[in-house]
Engineer: 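First the structure, then my questions, so here it is.
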Amino acid sequence: MADDKKLTSRAEDFSAWYNEVVLRAELADYAPVKGCMVIRPNGYGIWERMQRALDDMFKATGHRNAYFPLLIPESFLHKEAQHVEGFAPETAVVTHGGGKKLEEPLIIRPTSETIIYHMFAKWVQSYRDLPLLINQWANVVRWEMRTRLFLRTLEFLWQEGHTAHATHDEAEAEARSILGLYRDFQENWMAMPVVTGLKTESEKFAGALRTYSLEAMMQDNKALQAGTSHNLGQNFAKAFDLKFQAESGSMEHAWNTSWGVSTRMIGGLIMCHGDDNGLRTPPRLAPIEVVIVPIWKTDDERGRVIEAAHRLRDELAAWTGRGSTDRLRVHVDAREGMRSGAKYYEWEMQGVPLRLELGPRDLEKHSVFSARRDTREKAPIAMAGVAASVAKILERIQLDMFAAAKERRESHSVRERITYDRFKELMEGEGGFVYAGWNGDPAVEAQVKEETKATIRVIPDAEFRSPDAPATCMVTGQPATHEVVWAKAY
RNA sequence: CGGGACGUAGCGCAGUCCGGUAGCGCACCUGAAUGGGGUUCAGGGGGUCGCGGGUUCGAAUCCCGCCGUCCCGACCA
């Protein structure tokens with residue numbers, strides 16, 4: 001890459017990022033249909049690792065994978081009043097098939113509640129059939145007015161969980177439990193801290209009783225909704241006649257939840273951790289955790305060094321200190337005709353967390369030279385016990401990346417009580433998360449959005465709230481019903 | 001759909017005001033030297049200057065029309 005082309009993780013230069021980091025790393029590309037996304041084969045594979053980790057977590061909590069059709073009769077969407085109001089404007093509609101106009105148009109799913117609860121209604125008769133816990137990995141289409149690679153594509157890949165329960169409390173517990181599962185994934189795998197909480201009425205999912213969300217802060221201090229979990233109440237059960245006979249003998253509507261995270265998380269990862277040298281991948285999600293770069297001058301050195309590099313690779317990959325299924329993911333870059341410096345930059349751009357340099361000098365000293373991607377710290381590591389040392393560094397990187405992101409978020413979170421004028425100033429300038437009192441009035445939300453473009457991201461969960469609850473609404477001065485987090489969002 | 005900008009080599013751009021042989025950087029190919037942080041030198045390939053029309057001896061450049069892309073706003077995971 002040319003020196004004059006500085007990369008930055010800031011939003012204003014995000015397109016440079018796409019070209020240099022994302023496209024070159026083969027994560028994704030533009031497709032001929034504007035606003036769509038391609039995940040390339042032989043790609044760097046971050047999404048694949050995300051998918052696998054989440055899938056394991058769902059299975060461990062009793063969820064099973066299923067698959068439902070892409071095409072849904074338009075009438076299904078109309079069965080739930082709020083749902084159709086929310087999604088009709090952005091659905092793609094299939095009107096013709098087999099050369100003929102269809103009697104009833106089909107929509108391409110923008111989400112699968114309707115078709116799934118239609119099927120659930122046929123599957124559930126008794127309370128013994130509950131809870132029904134399913135997940136689907138699928139693509140959905142939402143015809144947005146404006147798209148942004150990863151963050152808002154026209155078609156996107158996600159997982160959507162859908163469950164049915166016998167009671168409100170059980171459904172509520174499921175929605176909260178998934179919120180926790182997502183948080184675990186985003187914080188401990190993606191090293192991306194999130195604020196969890198409840199969405200306001202105006203921001204909740206179309207058709208839900210309550211929507212919970214996870215909000216991350218990007219490096220431009222804007223919020224990214226990184227996932228949502230909904231308690232759907234009995235809204236869909238009533239619309240789709242999803243009923244069961246209870247233990248008492250009475251017929252009751254089931255209680256549903258739905259929840260999802262998408263390829264948007266890749267965008268979140270990039271914008272949370274990227275720096276001017278490219279991507280930084282947290283080790284747990286890095287398809288390659290360690291790259292070994294052999295260094296040589298003469299042919300004789302070349303043979304010895306490359307052999308040693310492969311031996312090192314084998315030793316690292318064989319190490320079982322992290323458990324038999326979680327081996328170190330190591331790559332040897334022995335490409336000829338490329339200087340080591342050029343290799344360093346390339347792997348740094350792709351975000352490989354740890355680089356090991358191995359040359360004749362290291363062989364003599366029975367050590368290997370390491371360089372961390374996140375901090376760019378460099379230090380020799382003794383060959384004796386090298387695998388355990390490397391694993392320890394990777395663990396450290398994972399934790400440090402999370403800590404650094406959390407510190408950045410906190411340093412751009414305003415927790416002291418500020419005036420609305422000061423708030424406007426902040427939103428015009430540096431942005432950030434502002435914790436403030438709110439009188440609970442949707443009109444106030446609308447006014448603030450109109451005047452500042454900021455919205456209430458969440459009514460935060462207890463752990464995020466201030467020790468002293470705000471007494472008054474920041475905007476109106478009236479008594480506050482909630483403490484909320486205001487921010488501009490993607 | 002409104003407001004703005006742009007369209008020249010695979011990518012990023014200059015040249016357009018003021019018409020006169022199609023340029024630069026990166027990437028690519030060949031050769032040599034180099035090799036612990038983006039090597040250097042020499043040589044080389046690659047273009048319907050978005051499309052169509054007009055003005056002119058002559059158009060990337062001026063005029064008219066069309067097409068496309070990006071940014072900002074309304075929508076949103």
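Fair warning: this is a prediction, and the values are worked out from it, not measured in the lab. Order of the sequence lines fixes the chain letters, A, B, ..., with proteins taken first and strands second; residue numbering starts at 1 for each chain.
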Engineer: With C1' as the reference atom in both, quote the distance from B/C63 to B/G73 in angstrom, rounded to an integer.
Structural biologist: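 Here B/C63 and B/G73 have their C1' atoms 33 Å from each other.
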
Engineer: What distance, rounded to whole Å, do you find between the two C1' atoms, one in B/C29 and one in B/C64?
Structural biologist: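 So the two C1' atoms sit 44 Å from each other.
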
Engineer: Would you mind classifying the nucleic acid contact of A/Gln225 as base, sugar-phosphate or nothing, using non-hydrogen atoms under 4.0 angstrom?
Structural biologist: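 The answer is sugar-phosphate, as A/Gln225 gets under 4.0 Å only of primed atoms, P, OP1 or OP2.
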
Engineer: Using the P atom on both, measure B/G10 against B/C6 and round to a whole Å.
Structural biologist: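 Result for the P pair: 22 Å, nearest Å.
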
Engineer: Using the P atom as the reference point in each nucleotide, state the distance between B/A9 and B/U56 in Å, no decimals.
Structural biologist: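 B/A9 and B/U56 have their P atoms separated by 30 Å.
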
Engineer: Separation of A/Leu363 atom CG from B/G36 atom C1', in whole Å?
Structural biologist: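 Distance check: A/Leu363 CG to B/G36 C1' gives 12 Å.
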
Engineer: What's the separation between atom CD in A/Gln219 and atom NE2 in A/His273, rounded to the nearest 0.5 Å?
Structural biologist: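 Atom-to-atom, A/Gln219:CD and A/His273:NE2 are 9.0 Å apart.
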
Engineer: Just checking A/Thr153: base, sugar-phosphate only, or nothing, at a heavy-atom cut-off of under 4.0 Å?
Structural biologist: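 The answer is base, as A/Thr153 lies within the cut-off (heavy atoms under 4.0 Å) of a base atom.
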
Engineer: Using whole Å, report how far OH of A/Tyr344 lies from P of B/U39.
Structural biologist: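 The answer, rounded to whole Å, is 11 Å.
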
Engineer: Counting N and O atoms only, with roles assigned by atom type, does the side chain of A/Arg109 sit under 3.5 Å from a partner on the main chain of A/Pro69, one being a donor and the other an acceptor?
Structural biologist: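 Yes, A/Arg109 side chain to A/Pro69 backbone: donor-acceptor pair under 3.5 Å.
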
Engineer: Between the protein and nucleotides 3-5 of chain B, list every N/O to N/O distance that falls short of 3.5 Å.
Structural biologist:
none

Engineer: Charged N to carboxylate O below 4.0 Å: is that the case for A/Arg335 and A/Glu346?
Structural biologist: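 Answer for the salt bridge query: yes.
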
Engineer: B/A33 P sits how many Å from A/Asp299 CG, rounded?
Structural biologist: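 Spelled out: CG on A/Asp299 to P on B/A33 is 12 Å.
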
Engineer: Under 3.5 Å for both donor-acceptor distances, Watson-Crick or wobble: does B/C11 have a partner, and if so which one?
Structural biologist: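 Checking every strand shown, B/C11 finds its partner in B/G25, with both distances under 3.5 Å.
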
Engineer: CH2 of A/Trp296 versus P of B/G37: gap in Å, rounded?
Structural biologist: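 Taking atom P of B/G37 as the reference, CH2 of A/Trp296 is at 15 Å.
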
Engineer: Hey, does A/Trp158 reach any base, or is it just sugar-phosphate, or nothing, if we go heavy atoms under 4.0 Å?
Structural biologist: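 Result for A/Trp158 = nothing.
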
Engineer: Rounded off to whole Å, could you give me the CG-to-P distance for the A/Asp333 and B/G37 pair?
Structural biologist: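 Result: 15 Å.
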
Engineer: On RNA chain B, compare the nucleotides closest to A/Pro89 and A/Ser340; which residue's is nearer the 5' end?
Structural biologist: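 Of the two residues, A/Ser340 wins.
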
Engineer: Hey, is the side chain of A/Glu301 pairing donor to acceptor with the base of B/G36 inside 3.5 Å?
Structural biologist: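 Donor-acceptor pair under 3.5 Å: no.
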
Engineer: Is there a Watson-Crick or G-U wobble partner for B/G68 with both distances under 3.5 Å, and which nucleotide is it?
Structural biologist: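 By the stated definition (distances under 3.5 Å), B/C6 pairs with B/G68.
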
Engineer: Assess whether one donor atom and one acceptor atom, taken from the side chain of A/Lys378 and the base of B/G37, lie less than 3.5 Å apart.
Structural biologist: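 A donor-acceptor contact between them is present.
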
Engineer: Counting only heavy atoms not in A/Asp56 (residues, nucleotides, ligands), do more than 12 fall under 6.0 Å from its CG?
Structural biologist: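 Enclosed: over 12 neighbouring heavy atoms sit under 6.0 Å from CG of A/Asp56.
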
Engineer: Under 4.0 Å from OP1 or OP2 of B/G37: is there any side-chain N or O of A/Arg376 that close?
Structural biologist: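 No, A/Arg376 has no side-chain N/O under 4.0 Å of OP1/OP2 on B/G37.
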
Engineer: Decide, yes or no, whether a salt bridge links A/Glu301 with A/Arg304 under the criterion of side-chain N to carboxylate O below 4.0 Å.
Structural biologist: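 A salt bridge is absent here (no side-chain N lies under 4.0 Å from a carboxylate O).
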
Engineer: Starting from the 5' end of RNA chain B, give me the residue, A/Phe87 or A/Glu336, whose nearest nucleotide shows up first.
Structural biologist: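 Its nucleotide being nearer the 5' end, the pick is A/Glu336.
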
Engineer: When rounded to the nearest Å, what value does the distance between C1' atoms of B/C51 and B/U69 take?
Structural biologist: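 Their C1' atoms lie roughly 15 Å apart.
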
Engineer: Mind calculating the distance between NZ (A/Lys297) and C1' (B/G36) to the nearest angstrom?
Structural biologist: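 Computing the A/Lys297:NZ to B/G36:C1' distance gives 8 Å.
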
Engineer: If the threshold is 4.0 Å, N to carboxylate O, is there a salt bridge linking A/Arg311 and A/Glu307?
Structural biologist: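 Between A/Glu307 and A/Arg311 there is a salt bridge, with a charged N closer than 4.0 Å to a carboxylate O.
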
Engineer: Using a cut-off of less than 4.0 Å, is there contact between a side-chain N or O of A/Arg361 and OP1 or OP2 of B/G36?
Structural biologist: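 For B/G36, OP1/OP2 do not have a side-chain N/O of A/Arg361 under 4.0 Å.
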
Engineer: Between atom CE in A/Met338 and atom P in B/G35, what is the gap in whole Å?
Structural biologist: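 Going from CE in A/Met338 over to P in B/G35 covers 18 Å.
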
Engineer: Checking base pairs now: Watson-Crick or wobble, both atom distances under 3.5 Å. What partners B/U61?
Structural biologist: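 Because no pair has both required distances under 3.5 Å, B/U61 counts as unpaired.
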
Engineer: Any donor-acceptor pair under 3.5 Å between the side chain of A/Arg355 and the base of B/G37?
Structural biologist: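 For A/Arg355, whose side chain was compared with the base of B/G37, there is a donor-acceptor pair (under 3.5 Å).
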
Engineer: How close or far is atom P of B/C75 from atom OH of A/Tyr490, stated in whole angstroms?
Structural biologist: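 The distance from OH of A/Tyr490 to P of B/C75 comes to 18 Å, rounded to the nearest Å.
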
Engineer: Would you call A/Tyr345 stacked on B/G38, i.e. ring centres under 5.5 Å apart with the planes less than 30° off parallel?
Structural biologist: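 So yes, this residue stacks on that base, both cut-offs being met.
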
Engineer: Using the C1' atom on both, measure B/G12 against B/U55 and round to a whole Å.
Structural biologist: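 34 Å, rounded to whole Å.
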
Engineer: Taking the same atom, C1', in B/G25 and in B/A14, what whole-Å distance lies between them?
Structural biologist: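 These two C1' atoms come out 10 Å apart once rounded.
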
Engineer: Would you mind pulling out the nucleotide paired to B/U48, Watson-Crick or G-U wobble, both distances under 3.5 Å?
Structural biologist: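 Result: none.
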
Engineer: Kindly point out which of B/U39, B/A74, B/G37 is positioned nearest to the side chain of A/Glu357?
Structural biologist: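 The answer is B/G37, which lies nearest to the side chain.
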
Engineer: Taking A/Lys406 first and then A/Glu187, would you say they form a salt bridge - that is, a charged N and a carboxylate O separated by under 4.0 Å?
Structural biologist: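 Salt bridge: no.
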
Engineer: Should B/C41 form a Watson-Crick or G-U wobble pair with both distances under 3.5 Å, which nucleotide is its partner?
Structural biologist: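 Its partner is B/G31.
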
Engineer: Counting any heavy atom closer than 4.0 Å, what does A/Glu348 reach on the DNA or RNA strands: base, sugar-phosphate only, or nothing?
Structural biologist: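 Result for A/Glu348 = base.
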
Engineer: Counting Watson-Crick and G-U wobble pairs only, both distances under 3.5 Å, name the nucleotide matched with B/C75, or none.
Structural biologist: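 For B/C75, the partner nucleotide comes out as none, under the 3.5 Å rule.
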
Engineer: Donor-acceptor pair, distance only, cut-off 3.5 Å: does the side chain of A/Thr257 make one with the backbone of A/Ala171?
Structural biologist: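 No; judged by distance alone, with no hydrogens or angles, the pair does not exist.
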
Engineer: What integer number of Å spans the C1' atoms of B/A60 and B/G36?
Structural biologist: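 Rounded to whole Å, the distance is 48 Å.
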
Engineer: Under 4.0 Å, counting only non-hydrogen atoms across every strand here, what does A/Phe205 touch: a base, just sugar-phosphate, or nothing?
Structural biologist: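 No contact at all - A/Phe205 keeps every heavy atom at 4.0 Å or more from the nucleic acid.
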
Engineer: Look at A/Glu172 together with A/Arg176 and state whether they make a salt bridge at an N to O cut-off of under 4.0 Å.
Structural biologist: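 Looking at A/Glu172 and A/Arg176, the cut-off is not met.
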
Engineer: Checking base pairs now: Watson-Crick or wobble, both atom distances under 3.5 Å. What partners B/U16?
Structural biologist: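 No nucleotide pairs with B/U16.
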
Engineer: Between A/Lys59 and A/Asp55, is there a salt bridge with N-O shorter than 4.0 Å?
Structural biologist: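 Counted as a salt bridge, because a side-chain N and a carboxylate O are separated by less than 4.0 Å.
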
